[in-house]
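Convention: sequence-line order gives letters A, B, ...; per-chain numbering from 1. Just so it is clear, the structure is predicted and the values come from calculations on it, not from any experiment.
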Amino acid sequence: MLCVVAFGLALGMSVSSSMYVKSTCRDVLDVLTAEAPTASKFDEAHDIWDKAKNKLMLITNHQDIEEVSVCLIRGRENARMGEHSMAQAELETAIFLLHEFAERERLIAGNVV
Amino acid sequence: MNKNPPKRENKGKGGIFVIISFIRTLLLYVLVISALRIMGKRQVGELQPGELVVAIMISDLGAIPLGDTSLPLGSGVVPILTLIGAELVLSIISLKSDRVRRVLTGTPSVIIKNGVIQAEEMRKNRYNLEDLAEGLREKDCYDVSDVHTAILETNGSLSVILKGDKRPIKAEDINLPFRQETLPYVLIADGKVYPEHLTEAGVSRKWLDSAIRKQGGKRAEDFFLLTLCDGKVFAQLKEDNNG
């Protein structure tokens, strides 16, 4: 009985955290990849990421979460200042980081080994 | 350049970091202790190799999120839970299957048989003569010629059977009438009465009160220890109550 509980808890925590990370990354990516990089788009993406942050901090490395936050904030400010090339660069970086985030949760040999 | 940067409030979160470390340490401590407790009652020195490895791994895994608070607690909790589950599954399978148990824990080896040291068996187990002498000394046996059989157990300890003329005398050897001893009942420990032990010993609270008075105390709180064994009472008062 105890081993079932232990395995169940471990598996349950792993699967639910993996699903949550993937769905959050998907939501943010949907916003970022929709149109050209505008301040409001970065704002919206940052809002989604910020709301999910508290739960993400329970699951994954805090530094990785902050990297994405910083990227989105820099992109927003660059877009606000009219620095479109910088905003585009931050957008691409954010998209890359979010893909990496989701990729880390995939059950593939590279992640296991 | 933005001439009006947004106001940032200092919410005074500096000291929270230490409190977070404190709480995480407590949580992981409880988890690791619970994990080791679930593994069973054997002492560390008697753990099977697999159990010892799991115990060390659980401790190391618990330390990972302690050292770096940017890592989530789950990075230690999930592996520990997985190890507990795996260890329990293997224990259950070992209980049911001799073959699995032999694979996981090995089999005991007879190092001394009929008084003769089995050199081949020692070589197979990478067990040298110093190890043998040490193992025998731990069993209060200082002369290898006194040993009839010695078995190297799977947890590395040595079990020794002495030769008939070298072992301690037993009551039945000399037809000595004997009385079976029983475990002592701890009735009072550090001033606290254990009612369940009173019941097991078959004595009442009234009997205990009278025993307390006979032993020179006034109440249970005066005693550091009071035990009952085969009708005999052992009592020690606390230092500040000694005459």
Side-chain angles (χ1 to χ4, degrees), chain A residues 1-22 24 39 42-43 46-47 50 52-70 72-83 86-87 97 101 104-105 107 111-113, chain B residues 1-6 8 13 16-17 20-21 23-24 27-28 30-41 50-51 54-55 57-58 61-62 64-96 100:
Chain A
M1 183 65 186
L2 266 174
C3 60
V4 171
V5 169
F7 270 143
L9 273 173
L11 265 173
M13 281 171 69
S14 313
V15 168
S16 60
S17 61
S18 167
M19 284 170 59
Y20 184 74
V21 167
K22 281 185 195 164
T24 306
F42 278 111
D43 242 344
H46 186 251
D47 275 342
D50 218 29
K53 212 161 136 177
N54 283 340
K55 282 192 189 151
L56 285 173
M57 280 166 73
L58 295 173
I59 299 164
T60 189
N61 194 332
H62 301 183
Q63 206 165 334
D64 295 342
I65 299 168
E66 292 305 329
E67 271 176 22
V68 173
S69 296
V70 163
L72 293 173
I73 291 170
R74 276 208 293 250
R76 183 188 66 198
E77 294 306 314
N78 279 318
R80 223 174 251 165
M81 310 280 189
E83 301 280 351
M86 297 291 287
L97 286 173
F101 232 97
R104 247 184 273 157
E105 297 299 323
L107 190 60
N111 284 342
V112 171
V113 174
Chain B
M1 185 161 168
N2 191 348
K3 288 184 183 170
N4 298 311
R8 284 180 182 84
K13 289 182 181 166
I16 294 290
F17 173 75
I20 289 171
S21 276
I23 294 170
R24 283 164 73 109
L27 288 171
L28 284 162
V30 168
L31 179 65
V32 169
I33 292 286
S34 307
L36 293 176
R37 189 64 188 81
I38 285 167
M39 275 177 55
K41 290 182 179 170
E51 291 171 337
V54 169
M57 282 178 74
I58 285 176
L61 285 166
I64 291 171
L66 280 185
D68 185 354
T69 52
S70 70
L71 288 175
L73 220 52
S75 64
V77 169
V78 169
I80 287 174
L81 287 173
T82 309
L83 276 177
I84 294 172
E87 178 60 27
L88 287 170
V89 164
L90 279 178
S91 299
I92 292 166
I93 294 173
S94 298
L95 210 58
K96 309 279 186 203
V100 170

I'd like a table of donor-acceptor pairs (distance under 3.5 Å, sequence neighbours excluded) in which one partner is a side-chain atom from residues 75-85 of chain B, with atom names and distances.
| from | atom 1 | to | atom 2 | distance (Å) |
| --- | --- | --- | --- | --- |
| B/S75 | OG | B/P72 | O | 2.7 |
| B/T82 | OG1 | B/V78 | O | 2.7 |

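The ring pair (Phe, Tyr, Trp, His ring centres under 6.0 Å) test applied to A/F101 returns A/W49, not counting sequence neighbours.
For A/M13, the part lying under 4.5 angstrom from a heavy atom of chain B is the side chain only. Neither the backbone nor the side chain of B/A35 comes within less than 4.5 Å of any heavy atom of chain A.
With chain B as the partner, the residue from A/E66, A/H62, A/M57 showing the most heavy-atom pairs under 4.5 Å is A/H62.
Taking 4.5 Å as the limit, every side-chain heavy atom of B/L73 sits out of range of all side-chain heavy atoms of A/L58.
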